[in-house]
Protein chains: 2
Amino acid sequence: MKKSNKNAVGGPTALTCRSEETEPLRDLLAKIGDKWSILLLVALSRKPGYRARFSELQRSIDGISQRMLTTTLRQAERDGLLSRHVFAEVPPRVEYELTPLGLSLLEPIRTLIHWIGHNWDMIKEARISFDRRTP
Amino acid sequence: MKKSNKNAVGGPTALTCRSEETEPLRDLLAKIGDKWSILLLVALSRKPGYRARFSELQRSIDGISQRMLTTTLRQAERDGLLSRHVFAEVPPRVEYELTPLGLSLLEPIRTLIHWIGHNWDMIKEARISFDRRTP
DNA sequence: CCGGATCCTGGTCGATACTG
DNA sequence: CAGTATCGACCAGGATCCGG
């Protein structure tokens, strides 16, 4: 393959955009880059070992619909980010919990959230400035 | 005012999903969580001080259409992540370059990319396993 | 030859109603 | 309580044409 362009650029972390190499990135973005996945993971990370029920999650993630919560939960479960525990009771009870994998994904997510906390004001200013000088 | 953000974002433990507190997160996800923004930033980060032309970017980001490249570039420019340099020449030339803000966003993005590098196989396995035990 | 604007379709998301 | 089913609105995004 082409490792030449990885080292040729001389950056500390050489990055390319060829589709073969960014396929995992694209795929992951398609998953967790959607409207709700990250918020779901964050909601489940409140406490270590935290387990939440469906309705609990729906209450804590502002504005999510039942349908989207179901879909997002399934996605994340399929990707091994969370586990689903069904209790054969009446009324039915289902609890969701982050797996170690999902928990580890929260690390980079926290980095991102941190960045936002630091730079959000700058982005807002940039937008205002851009909108002003653009007719 | 960002003084009041106590543990809203970036706190080590307490994370919530109330819409007021996650508004920046939701907003940023809406921006860079789309199909192309991160790939664009990555493409522009090949070298420090790297400047790329439109067609150059289109070539390096596999599969992006002109329209989407234009849109994505505008978004990122508006958010202050990159700057646009127009040269009054024939044929016309426009160059794009990351701003310090855009450059700093690459830090968390790299963290994410690293995570993918480490955990992608596990996700793939989880999917296979999930698909097998699901009718 | 570059880069931007226009038209149109397909997928995604939300609202609502219903079931185990 | 925890989902599933169906429908419709909306917008991302691809093809295509346009301006310089």
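Just so it is clear: chains get the letters A, B, ... in the order the sequence lines come, proteins before strands, and each one is counted from 1.
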**Message:** Please tell me if B/Y96 has a side-chain N or O lying less than 4.0 Å from either OP1 or OP2 of C/dG3.
**Reply:** no
**Item:** Donor + acceptor pair across side chains of A/R74, A/T70 (<3.5 Å)
**Value:** no
**Prompt:** C/dG3, D/dG3, D/dC1: which one has an atom nearest the side-chain heavy atoms of B/F54?
**Reply:** C/dG3
**Prompt:** Any Lys/Arg nitrogen of A/K31 or A/D79 sitting under 4.0 Å from an Asp/Glu carboxylate oxygen of the other?
**Reply:** no
**Request:** Check whether any side-chain nitrogen or oxygen of B/K35 sits under 4.0 Å from OP1 or OP2 of D/dG14, and answer yes or no.
**Result:** yes
**Message:** Just to be sure I understand the rule, does A/F87 reach a base, reach only the sugar-phosphate, or reach nothing, if contact means heavy atoms closer than 4.0 Å?
**Reply:** nothing
**Message:** Can you tell me which nucleotide in D/dC1, C/dG4, D/dG3 comes closest to the side chain of A/V94?
**Reply:** D/dG3
**Message:** Would A/R84 and A/Y96 count as a cation-pi pair here, with the cationic atom under 6.0 angstrom from the ring centre and within 45° of the axis?
**Reply:** no
**Prompt:** How is B/P92 classified with respect to the nucleic acid when contacts are heavy atoms under 4.0 Å: base, sugar-phosphate, or nothing?
**Reply:** base
**Message:** Please tell me whether B/S37 and B/D34 have a donor and an acceptor in their side chains that are separated by less than 3.5 angstrom.
**Reply:** yes
**Prompt:** Side-chain N or O of A/R53 less than 4.0 angstrom from OP1 or OP2 on D/dC1?
**Reply:** no
**Request:** Spell out, yes or no, whether A/V86 and A/L57 are grouped together once hydrophobic residues are joined by side-chain heavy atoms under 4.5 Å, including indirect joins.
**Result:** yes
**Request:** Find the bend of the helix from C/dC1-D/dG20 to C/dG20-D/dC1 as the angle between its two terminal axes (five pairs each), to the nearest 10°.
**Result:** 30°
**Item:** Residues A/D62 and B/R26 bridged, charged N to O under 4.0 Å
**Value:** no
**Item:** Within-4.5 Å side-chain heavy-atom neighbours: A/L82 and A/L40
**Value:** yes
**Prompt:** Any Lys/Arg nitrogen of A/E95 or A/R53 sitting under 4.0 Å from an Asp/Glu carboxylate oxygen of the other?
**Reply:** no
**Asked** When you check the phosphate oxygens OP1 and OP2 of C/dG14, does a side-chain N or O of A/W36 lie under 4.0 Å from one of them?
**Response** yes
**Prompt:** Side chains of A/T71 and A/R67: do they bring a donor and an acceptor to under 3.5 Å?
**Reply:** no
Could you run down the sub-3.5 Å N/O contacts of the protein with nucleotides 9-11 of chain C?
none

**Prompt:** Which ones in residues 65-77 of chain A lie close to DNA chain D, meaning a heavy atom under 4.0 Å from one of its atoms?
**Reply:** A/Q66, A/R67, A/T70, A/R74
